Amino acid sequence: MLIPETRQTNNQPNRIYWLDNLRTFMIFLVVLIHAAIIYEKNSMGAAWWIVCDPSTNDLPGILFLILNIFVMAAVFFVSGYFAHLSLQKKTGWSFIKTKFKRLMLPWLIGVLTLIPLYKVIFLHARHLPQEHWTSYFHWNTLWSQNWLWFLPVLFAFEILYLGLNQLKRNVSRITIRQSLLAAFIICLLYSIAMDYFNLQGWTKSILIDFQNERLLIYLALFLLGAQCCRHQVFDSSWKNKKLDIILHSIGWIPMNLYLFQLIYAIMNPGKFLVSDLIDTILIRLNFVLAMAYLLYAMIATFYSFFNRQTPLGRELNNGSYSVYLIHVIVMGPIAIALQNTTLPSLAKLPILTLSTFIISNLIAYGFRKVRHSIHHQSQMSQTRLPVSSICSIE
């Protein structure tokens, strides 16, 4: 792998461009996942997703299953990497305040504004009457926090990582190979246990929502990202071409086996290829292997080929977090408008994905410009001397 270039400009500190670009691309894939639910043939989101289009096909469902393997796993890995960088620059209390301001304040605003808007669009898309205003908040809705679940979970992971660092244990002695092995074993055993004991589903509360079968997996990958940063894994100049060739040659095998087993289980409930236990072990082993390969493929690709910043890329990176926050609400009206067209669902899916991503970025860009203008005017007003002061100087 190539050495990541961390360039510096006059107005911007050193950035790890490939990680910024990877995170932005994962946000784009999140938009694609949420658009795919609208056109998925089995209508898995018909009862709770913001819009459900009657025009459907099989491709969005397959796309959703593939992307759902690794997208949020990659987001948590990148978040863990940046968490360690942030903790190096801040004290414990400063770290907490920064993360609370970045994660929990937007979450609080979101659940009080975006979730009610979600229900307004949800009812309108189904030609249902609007309900009493008290039923629009997340603690009284079917979908609870919906896509905003990510923020409190990430905040909890950040605080947990801070606590682990405060223990003063010498975790740097844990090698990256040991960390990779531990993450793999944790993900595999946890996945098998959650499936075998039928503990899948969501745990929902006023403050935090999480998918039971993914929580510990996301935590393991978050900590793995932090450990990679601690060991400066991506600062090395080596590139193992042989390993890359082997992984890219066989990585598709567990992914296809996982999809086959998953679709078979969905289409044939209560039936097993071998037995309940063996099927569970195999499907979860293939899931973890597929997730590991796809995560590696994304990291290796962006590390090697997308470690630079363009003006457009800088704006997209700066707006990626805001896009995540608002994209579902932006997507709703566009999906409703597409419902009234004769376009096939295979055409609607890319149109909805791209238009949502572009409009969300434009909104984020406009908001940044307004905020920058307000901040600039505030600074200018503070630097101006009052008339009385000027007279006294004269």
Side-chain angles (χ1 to χ4, degrees), residues 1 22 25-26 29-30 32-33 36 40 42 44 58-78 80 176-200 211-225 228 233 240-269 271-304:
M1 293 182 180
L22 174 60
F25 183 65
M26 290 301 107
L29 293 184
V30 169
L32 177 57
I33 288 174
E40 197 274 327
N42 293 322
M44 57 184 172
D58 291 320
L59 179 61
I62 300 298
L63 193 61
F64 174 87
L65 294 178
I66 295 173
L67 296 178
N68 197 40
I69 296 173
F70 72 95
V71 168
M72 291 310 298
V75 172
F76 276 106
F77 177 87
V78 174
I176 197 63
R177 290 187 177 183
Q178 292 172 333
S179 300
L180 286 168
L181 180 60
F184 180 84
I185 293 174
I186 289 172
C187 291
L188 179 59
L189 295 181
Y190 181 75
S191 294
I192 292 173
M194 297 301 287
D195 266 13
Y196 188 75
F197 294 107
N198 196 28
L199 297 174
Q200 306 97 330
Q211 191 177 2
N212 299 339
E213 61 267 33
R214 296 291 181 96
L215 183 65
L216 194 57
I217 293 175
Y218 291 153
L219 176 59
L221 293 172
F222 176 88
L223 295 176
L224 180 61
C228 286
V233 170
N240 193 331
K241 294 183 179 180
K242 184 178 180 180
L243 176 63
D244 282 354
I245 292 172
I246 293 173
L247 290 176
H248 292 318
S249 298
I250 65 175
W252 59 272
I253 297 176
M255 182 181 72
N256 281 279
L257 289 174
Y258 167 71
L259 292 175
F260 167 75
Q261 290 178 278
L262 184 61
I263 293 172
Y264 179 87
I266 294 173
M267 302 301 294
N268 302 279
K271 294 183 179 181
F272 308 107
L273 293 171
V274 182
S275 68
D276 186 10
L277 178 59
I278 298 300
D279 281 22
T280 298
I281 292 174
L282 288 176
I283 193 172
R284 287 303 136 192
L285 175 61
N286 285 316
F287 165 75
V288 175
L289 288 173
M291 179 179 65
Y293 166 68
L294 291 171
L295 183 57
Y296 173 84
M298 288 292 103
I299 291 173
T301 299
F302 277 81
Y303 187 89
S304 299

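What you see is a predicted model; the values in this text were computed from it and never measured.
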For Phe76, what residues pass the ring-ring contact (aromatic ring centres under 6.0 Å, His included) criterion, not counting sequence neighbours?
Phe150, Phe157, Tyr218
Distance from Leu282 atom CG to Phe287 atom CZ, nearest 0.5 Å?
15.0 Å
Sequence-distant partners of Leu262, side-chain contact (heavy atoms from CB on, under 4.5 Å), two or more places apart
Leu65, Tyr258, Ile266, Ile283
Mind listing the closest non-hydrogen atom pair of Ile69 and Ala290 along with its distance?
CG2-C, 4.1 Å
What are the two closest non-hydrogen atoms of Ser191 and Cys187, and how far apart are they?
OG-O, 2.8 Å
Looking at every heavy atom in both Gln200 and Glu213, which two are closest together, and how far apart are they?
CA-OE1, 3.3 Å
What heavy-atom pair brings Met26 and Ala74 nearest, and what distance separates the two atoms?
SD-CB, 3.6 Å
Leu221: side-chain contact (heavy atoms from CB on, under 4.5 Å) partners, not counting sequence neighbours
Ala73, Ile217, Leu224, Met291, Leu295
Has Asn68 got a side-chain atom pairing as donor or acceptor with Phe64's backbone, closer than 3.5 angstrom?
no
Heavy-atom pair with the smallest gap, counting every atom of Val274 and Asp279
N-OD1, 3.0 Å
Just to verify, what does Phe260 make a side-chain contact (heavy atoms from CB on, under 4.5 Å) with, not counting sequence neighbours?
Leu273
Other residues, nucleotides and ligands only: do more than 12 of their heavy atoms fall within 6.0 Å of CZ on Phe272?
yes
What pairs meet the side-chain hydrogen bond (donor to acceptor under 3.5 Å, both in side chains) rule with one or both residues in residues 245-254, with sequence neighbours excluded?
His248-Tyr293
What's the separation between atom CD1 in Ile246 and atom NZ in Lys242, rounded to the nearest 0.5 Å?
5.5 Å
Rounding to 0.5 Å, atoms CG (Leu29) and CD1 (Ile66) come to a distance of 11.5 Å
Mind checking what makes salt bridge (charged side-chain N to carboxylate O under 4.0 Å, His left out) contact with Asp195, not counting sequence neighbours?
Arg284
Could you tell me if the side chain of Met298 sits less than 4.5 Å from the side chain of Leu294, heavy atoms only?
no
Taking every non-hydrogen atom, the tightest pair across Pro60 and Ala36
CB-O, 3.4 Å
